[in-house]
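Lettering follows sequence order; numbering is per chain, from 1.
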Amino acid sequence: MDFLSGLNEQQQQAVIAGLGPVLVLAGPGSGKTRVLTQRIAYLIGIQGVRPHQIMAVTFTNKAANEMSERVGQLIGDHKHGMTIGTFHAICARFLRRESEHLPFESNYVIFDADDQLSLVKQTLRELNIDEKRYRPQSIHSSISIAKNELLLPDDYPINNYRDEVVQRVYKHYQSLLLSNNALDFDDLLLWMAYLLQDNPPIRERYARRYEHVLVDEFQDTNLAQYTLIKQLSSFHQNIFVVGDADQSIYRWRGADYRNVLRFESDFPNRQLVLLEQNYRSTQIILDIAMAMIDRNPNRTPKHLFTRKGAGQKAILHELYDDRDEARYVLEAIASLIVRNQAQPRDIAIMYRTNAQSRILEEAFLSAGIPYKLVGAQRFYGRREIKDIIAFLRFIHNPEDELSLMRIINIPPRGIGDKTLLALRTRAQRAGISPGLFLLELGQNPESKYREGFSRRAEAILSNLGQMFLRWVQRCSNLRPLELMDRIIEDINYDAYINDGTEEGLDRWGNVLELRRLAAEFQEIGLEAFLEQVALVSDQDTLEASANAPTLLTLHAAKGLEFPIVFIVGLNDGTLPHSRSFDDLEAMMEERRLIYVGITRAKDRLYLLYSQNRIAYGYSEPVDPSRFLADIPLDLIDGVSPILSRSSNVGPMTQNQRWQISSDKKVKSSELKSKLYHPGMHVRHNSWGEGMILNSRIEDDDEIVDIFFDGVGLKRVVASLAKLEIKT
DNA sequence: ATGGACAATGTTTTT
DNA sequence: CATTGTCCAT
């Protein structure tokens with residue numbers, strides 16, 4: 001029974017849990033990945049479940065690969081045939097397989113965030129909607145949220161005029177996707193969920209096949225994903241989910257930690273396992289994390305404990321500005337390494353927004369210390385990479401008009417607005433996509449398709465069509481790398497991009513890097529390569545090999561662990577982010593975010609904040625993060641002014657320095673003192689008892705956010721609400 | 001059709 | 001400030 005060796009009692013209970021729904025609530029560092037892998041091994045090795053009847057859904061491809069590998073270590077080759085991957089990747093494969101039942105072809109492309117935005121813009125143009133009045137991003141985000149809620153255009157709820165606009169855009173946007181033979185990220189889930197919902201025979205086929213469905217990071221599923229796993233497990237009902245509501249950080253993407261509650265009410269017979277023992281962090285780190293998260297109302301309290309001992313106090317340090325912060329980080333890292341207290345790879349630096357990485361990168365570069373940066377966007381968002389990918393995408397799916405428009409004039413070959421318009425019109429008249437039109441033109445230069453263009457345009461276009469056609473024809477014989485090289489050579493991309501400048505060299509270097517990635521797909525093929533490129537997660541870009549510190553956002557840090565963690569930019573406005581200030585749910589999520597960050601640390605934790613922040617080119621005074629006030633003093637090394645502003649003491653004792661450095665706060669909140677502080681318990685006449693979440697002075701009155709038990713979040717004006725303070 | 005010069009505008013987090 | 005879009009001269 002080595003499937004259970006080294007597991008504690010709760011972990012064992014989860015691994016060998018019987019048939020039926022199982023909910024595992026797992027605190028950070030409680031070994032949930034281990035539980036998942038051992039359970040899979042147990043199901044296959046002991047229960048005799050066939051691997052192809054198991055589906056395991058993870059959050060990143062990296063996690064999927066790791067899990068698959070670890071299962072392999074336990075049971076060897078018996079793992080083959082398992083379905084394991086992210087929701088998006090699994091759905092992408094299913095949808096290709098089932099495309100005959102769907103309104104797109106199996107060679108569809110997946111539109112990334114940039115493509116989606118372009119498509120929304122195109123829609124707005126075609127519908128004559130003013131981009132200034134209706135921001136494309138905001139419209140797109142509404143569409144995305146709707147899709148995650150499984151709302152089709154016709155179901156889109158209309159409450160005001162904007163909703164009506166969104167609905168129209170949504171409808172048109174979908175038809176554009178189909179005419180490009182493309183799906184966006186959200187479509188992968190949406191189409192799959194509807195395919196299973198509307199086709200009982202198909203649903204049954206899948207549901208019968210998957211005897212066991214296991215889901216990691218369950219708290220970050222959205223309604224579409226929740227519906228999917230319910231459908232997939234609808235026959236055998238063996239659905240095993242692992243999650244932690246306190247680590248739910250993707251609400252803005254439609255994730256709903258209440259799916260945990262929904263699960264409990266949908267499956268009242270579920271077995272429940274709690275994993276509270278932490279194998280990662282020192283007790284001090286856990287205590288800080290708990291002090292932080294305890295301020296969130298309406299959660300099931302968890303008591304995290306470890307056998308690791310108290311460990312060192314966390315270091316809280318105030319710096320002058322973010323540049324100074326970066327300098328401090330570099331010095332601390334240098335000192336740790338020189339004193340042999342850490343390997344470079346043991347160290348991570350985490351921040352709230354991607355923009356913060358820049359200043360850190362500069363510090364690393366000028367210090368000559370190598371670093372690893374987590375972020376797929378950084379690589380795949382580059383112009384030269386997008387260009388090459390667009391060529392490949394077009395060849396794979398010539399109906400991809402967006403990719404065609406990107407590459408049609410790269411390198412510049414004299415195709416401008418006029419020619420483009422002519423091409424579009426002619427293609428439309430012929431009833432085919434511009435891409436197919438071009439290929440046709442290349443195939444048969446004498447065809448009727450050539451009519452209606454200027455002689456110049458006709459020559460350019462039919463040349464281009466011939467080149468495209470050659471690629472498309474060879475695409476079935478050539479492997480990804482050869483195809484890519486062929487394109488680069490044919491268009492002389494080297495000369496175009498590598499213009500002798502340092503930047504050009506850099507860009508060319510990126511192209512070579514992409515070649516290296518393509519080389520890994522020689523056997524599996526172009527389609528798999530393009531799919532991988534579209535669905536990479538940030539974490540997937542982290543190479544374990546290099547011995548260097550890691551720079552990453554708090555979001556990207558989820559699921560990872562490091563002996564030493566720096567969290568920088570702990571200032572109000574950054575963490576919590578200013579966009580969250582007026583939304584109580586969002587503020588709770590900001591708190592969970594810092595909780596996730598803290599619980600990544602195994603041994604040492606550095607918390608840094610600054611007096612000033614450089615933004616928009618100007619340096620501006622900022623406040624320390626309000627969350628810092630919740631850390632018990634005795635867990636911290638390096639006393640700083642903010643600590644005297646602990647919520648129990650009240651703002652009057654706040655150090656003078658802060659009042660001086662932050663002039664915008666001085667005006668109001670510091671002149672009139674607050675009566676209520678986060679963490680206080682109060683009673684309200686009609687809403688009963690609640691806990692103060694936040695309070696601020698505005699126009700000589702105090703505005704208080706309170707969470708009332710059984711009622712929810714309320715914002716009240718103190719002078720009107722008659723709150724009674726409970727002790 | 002192309003590329004350069006200027007203005008305007010805007011920063012969360014990502015599969 | 002840094003990126004993106006728009007206008008204008010070639």
Item checked: Donor on one side chain, acceptor on other, A:E590 and A:H577, under 3.5 Å ->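 Looking only at side-chain atoms, A:H577 and A:E590 do not form any donor-acceptor pair under 3.5 Å.
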
Look at all strands and tell whether [X] reaches a base, only sugar-phosphate, or nothing, counting heavy atoms closer than 4.0 Å.
X: A:R592; value: nothing
X: A:K121; value: sugar-phosphate
X: A:T60; value: nothing
X: A:D186; value: nothing
X: A:R613; value: nothing
X: A:I415; value: sugar-phosphate

What's the closest nucleotide to the [X] side chain, out of [options]?
X: A:W252; options: B:dT15, B:dT13, C:dC1; value: B:dT13
X: A:P412; options: C:dT3, B:dT13, B:dT2; value: B:dT2
X: A:H555; options: B:dT2, B:dT13, C:dC1; value: B:dT13
X: A:H577; options: B:dT11, C:dT3, B:dT15; value: B:dT11
X: A:T353; options: C:dC1, C:dT3, B:dT13; value: B:dT13
X: A:S537; options: B:dG3, B:dT15, B:dT11; value: B:dT15

Next item on the list: Check whether NZ of the Lys or CZ of the Arg A:R262 lies under 6.0 Å from the centre of the six-membered ring of A:Y226 and within 45 degrees of that ring's axis.
Entry: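 Yes, A:R262 sits over the ring of A:Y226.
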
Could you state the [atom1]-[atom2] distance from [X] to [N], rounded to the nearest angstrom?
X: A:I408; N: B:dA1; atom1: CD1; atom2: C1'; result: 14 Å
X: A:K418; N: B:dA1; atom1: NZ; atom2: C1'; result: 11 Å
X: A:M350; N: B:dT14; atom1: CE; atom2: P; result: 13 Å
X: A:Y380; N: B:dT15; atom1: OH; atom2: C1'; result: 14 Å
X: A:I594; N: B:dT13; atom1: CD1; atom2: C1'; result: 15 Å
X: A:Y618; N: C:dC1; atom1: OH; atom2: C1'; result: 9 Å
X: A:D216; N: B:dT15; atom1: CG; atom2: P; result: 15 Å
X: A:R251; N: B:dT14; atom1: CZ; atom2: P; result: 17 Å

side-chain N/O [X] vs [N] OP1/OP2, d < 4.0 Å:
X: A:N409; N: B:dT2; value: yes
X: A:R135; N: B:dG10; value: yes
X: A:N354; N: B:dT13; value: yes

Notebook entry, point to check: How do A:T419 and A:A615 order along DNA chain B: which one's closest nucleotide is nearer the 5' end?
Noted result: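 Looking at the nearest nucleotide for each, A:T419 comes out on the 5' side.
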
Note to self: Heavy-atom nearest nucleotide on DNA chain B for A:Q137 versus A:N61: which residue maps closer to 5'?
What the structure shows: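 Its nearest nucleotide being more 5', the pick is A:Q137.
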
Notebook entry, point to check: Only one of A:F59, A:F218, A:Y257 forms a ring pair (Phe, Tyr, Trp, His ring centres under 6.0 Å) with A:Y250, so which one is it?
Noted result: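 Among A:F59, A:F218, A:Y257, the one meeting ring pair (Phe, Tyr, Trp, His ring centres under 6.0 Å) with A:Y250 is A:F59.
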
Check: Ring of A:Y250 versus six-membered ring of B:dT13: centres under 5.5 Å and planes under 30°?
Finding: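 Stacking between A:Y250 and B:dT13: absent.
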
Do [X] and [Y] have side chains that approach each other closer than 4.5 Å (heavy atoms only, starting at C-beta)?
X: A:I110; Y: A:F185; value: yes
X: A:R393; Y: A:K386; value: no
X: A:I389; Y: A:L530; value: yes

Item checked: Pairwise C1' distance, C:dT6 and B:dT11 [rounded to whole Å] ->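 Per the computed distance, 22 Å lies between those C1' atoms.
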
Next item on the list: Apply the test ring pair (Phe, Tyr, Trp, His ring centres under 6.0 Å) to residues A:F111 and A:Y173: give CA-CA distance (whole Å), side-chain angles for both, the deciding distance (0.1 Å), then the verdict.
Entry: CA-CA 12 Å; A:F111 274 4; A:Y173 171 85; 8.6 Å; no

